[in-house]
A.B. asks: 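The structure under discussion is supplied below as structure tokens; questions concerning it will follow.
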Amino acid sequence: MIPRHFIMTITATIVLFHLLRFPHLILENGGGAFMLLFLIVLNGAIFPLLITERILDNKLKSIDLRSLIWIKKGGKSSLWDRPLIFIWYILRLVVLLFFLWFFLYLSGTSILYFLFFFKYLFAPEQVSDLSSMPQLNLGFLGGLLWSVGVFFVYLKSKKKFFPLFNQWILPGCFLILLFLFFKIILSLQNFEALKVLFYPDFLSLKPSSYLDAIGHGLGCLFIGVGLYRYLIIDESKLDSISVFIHLVITTLVLALITGVMALPLIHQVSDLPFGSSWVFSVLPRWLSYTEYGLYYCALFYAGIGVLSFYFSVLLIDLISGSSKMIYAAPKKSLQLNFTNFIFVLTNGLMVYILQNNLQGWSGQSLLLKLDFLLINIGLPSLAVMTIWFVFRYTSQGERSQVFSYQQIFFHSRYFFKAWSLVTLYTIPPFILFSFLLYYYFK
């Protein structure tokens, strides 16, 4: 049986990633053509990579990464092993840190927008619509206090926090977003823009489209599933292959739902989305035109803010668990306290920098660059290195063990052999070819 809290968390990841990025990707990459490409990438690359990450997690449970990083020449290792292992570990940590900083920025900004609309609800003169959104900023002190609050929740209430959110808060956020989805769909009058989603324009596919599809799929599933082992899930009772199939189907369904909701809305407002900016510009402007629009805006940002807050706490837990692979300080030590202080201070500083630099049109250019570096470069590079790590440091028996308790079709040696061939000889060349294609035609 699939653990409910596991599915809820990964589904929340998919919802946030689709809301922030998918309308932008669809409009710039041929609509339905990108949907077909995304379908192929999910089943042909992301699904095998989920199994790869599962094998890697099993391996990391049984070894000391510190001894692996300082591995000596001889035997199975070579001169390149030590630096490559170190690069893989640092890249993994950097990707997690940038995700953390972005979700801290997203949650802090969403709460500011919620307070902005909440204030208007009780203003003497009600505002019926907003022609442009204000530039709301936490400031350095606000960003630091927000980071301290998130870290405090993680440090003091982790055991109660995750079960509480998975049982009550996440379902509430999903209901809010589902309600707003139906509200938007029923209020739309022009569905002409949906042709973009269902009519593929293969000529609009660009070299970067392949990296977009790979990076978005990895952002939705690869990191979330692979590193979730640090939380409360008992993986010995988990049918991983069945879970991965459910998640791939869920990802595709939620992609269609997001496109159906967002594309007519963006077309009606006559604006272009850039990453997360459409959530802070196009969506509130459209909602505010409708009756009770300010209530809907307040509800939307409350839901997005809470989801992002949850992921901020989750990512701190993942970073903490990942750091312990190589670095462990005694509890209540001065060294640990100093490390935590630097960690929180850095988080606050990054929230302040992001909020000051992602406003307005100039900020959207920076947002696109950060998005490309993190998701289209960082995640595919991490995927290629993870494949190298798994096939370099696990035996065939260790790899096949992941399939031993799964459904009989996936336990067959033919499926295992097909997974091995696709993962080792198809996915890395496909990702590297996408890089070369992008830089050649750039």
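Note that the structure is a prediction, hence the values are computed from the model and not measured.
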A.B. asks: The criterion is side chain to side chain donor-acceptor pair (under 3.5 Å); which residues satisfy it with H216, sequence neighbours excluded?
C.D. replies: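 Expected list: H18, R21.
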A.B. asks: What is the distance from atom OG of S208 to atom CG of D212, rounded to the nearest 0.5 Å?
C.D. replies: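 Spacing of OG (S208) from CG (D212) equals 5.0 Å.
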A.B. asks: With sequence neighbours left out, what residues match F389 under ring-ring contact (aromatic ring centres under 6.0 Å, His included)?
C.D. replies: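 Checked F389 against ring-ring contact (aromatic ring centres under 6.0 Å, His included); matches are W88, Y393.
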A.B. asks: Rounded to the nearest 0.5 Å, what's the gap from CG on L370 to CG on N357? Could you check?
C.D. replies: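 The CG atom of L370 sits 9.0 Å away from the CG atom of N357.
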A.B. asks: Strictly by side chain to side chain donor-acceptor pair (under 3.5 Å), give each pair with a member in residues 32-46 just once, sequence neighbours left out.
C.D. replies: none
A.B. asks: How would you list, by chain and number, every residue that makes a side chain to side chain donor-acceptor pair (under 3.5 Å) with S308, sequence neighbours excluded?
C.D. replies: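 With neighbours one apart ignored, the set is empty.
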A.B. asks: List the residues meeting side-chain contact (heavy atoms from CB on, under 4.5 Å) with I87, not counting sequence neighbours, and say none if there are none.
C.D. replies: M385
A.B. asks: Only counting residues at least two apart or in another chain, list the ones meeting ring-ring contact (aromatic ring centres under 6.0 Å, His included) with F311.
C.D. replies: F103
A.B. asks: Find the distance between OG1 (T109) and CG (L104) and round it off to the nearest 0.5 Å.
C.D. replies: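 Result: 10.0 Å between the selected atoms.
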A.B. asks: Do Y105 and F102 make the cut of ring centroids closer than 6.0 angstrom?
C.D. replies: yes
A.B. asks: List in chain and number order the residues that pass ring-ring contact (aromatic ring centres under 6.0 Å, His included) with F86, two or more places apart in sequence or in another chain; answer none if no residue qualifies.
C.D. replies: none
A.B. asks: Going by heavy atoms in the side chains, are L155 and I316 under 4.5 Å from each other?
C.D. replies: no
A.B. asks: With sequence neighbours left out, write down each residue that passes side-chain contact (heavy atoms from CB on, under 4.5 Å) with V306, or none if nothing qualifies.
C.D. replies: F165, I169, C173
A.B. asks: Can you name the side-chain contact (heavy atoms from CB on, under 4.5 Å) partners of L345, sequence neighbours left out?
C.D. replies: F140, L144, F341
A.B. asks: How long is the gap from CD1 on I375 to CD1 on I214, to the nearest 0.5 Å?
C.D. replies: 13.0 Å
A.B. asks: Assess the residue pair Y310 and W168 against the criterion (ring pair (Phe, Tyr, Trp, His ring centres under 6.0 Å)); give the C-alpha distance rounded to whole Å, side-chain angles, the decisive distance to 0.1 Å, and a yes or no.
C.D. replies: CA-CA 12 Å; Y310 172 78; W168 300 105; over 10 Å; no
A.B. asks: Which value, rounded to the nearest 0.5 Å, describes the distance between F99 atom CZ and L106 atom CG?
C.D. replies: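 CG of L106 is found 12.5 Å from CZ of F99.
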A.B. asks: L373: which residues meet the side-chain contact (heavy atoms from CB on, under 4.5 Å) condition with it, sequence neighbours left out?
C.D. replies: none
A.B. asks: Among all residues two or more places apart in sequence or in another chain, which pass the ring-ring contact (aromatic ring centres under 6.0 Å, His included) test with F372?
C.D. replies: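 Checked F372 against ring-ring contact (aromatic ring centres under 6.0 Å, His included); matches are Y438.
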A.B. asks: Just say parallel, tilted or perpendicular for the rings of F309 and W146, cut-offs at 30° and 60°.
C.D. replies: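 F309 and W146: perpendicular rings.
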A.B. asks: For K195, which residues count as a salt bridge (charged side-chain N to carboxylate O under 4.0 Å, His left out) partner, sequence neighbours excluded?
C.D. replies: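 K195 satisfies salt bridge (charged side-chain N to carboxylate O under 4.0 Å, His left out) with E192 only.
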A.B. asks: Roughly how far, to the nearest 0.5 Å, is the CH2 atom of W101 from the CG atom of L354?
C.D. replies: 9.0 Å
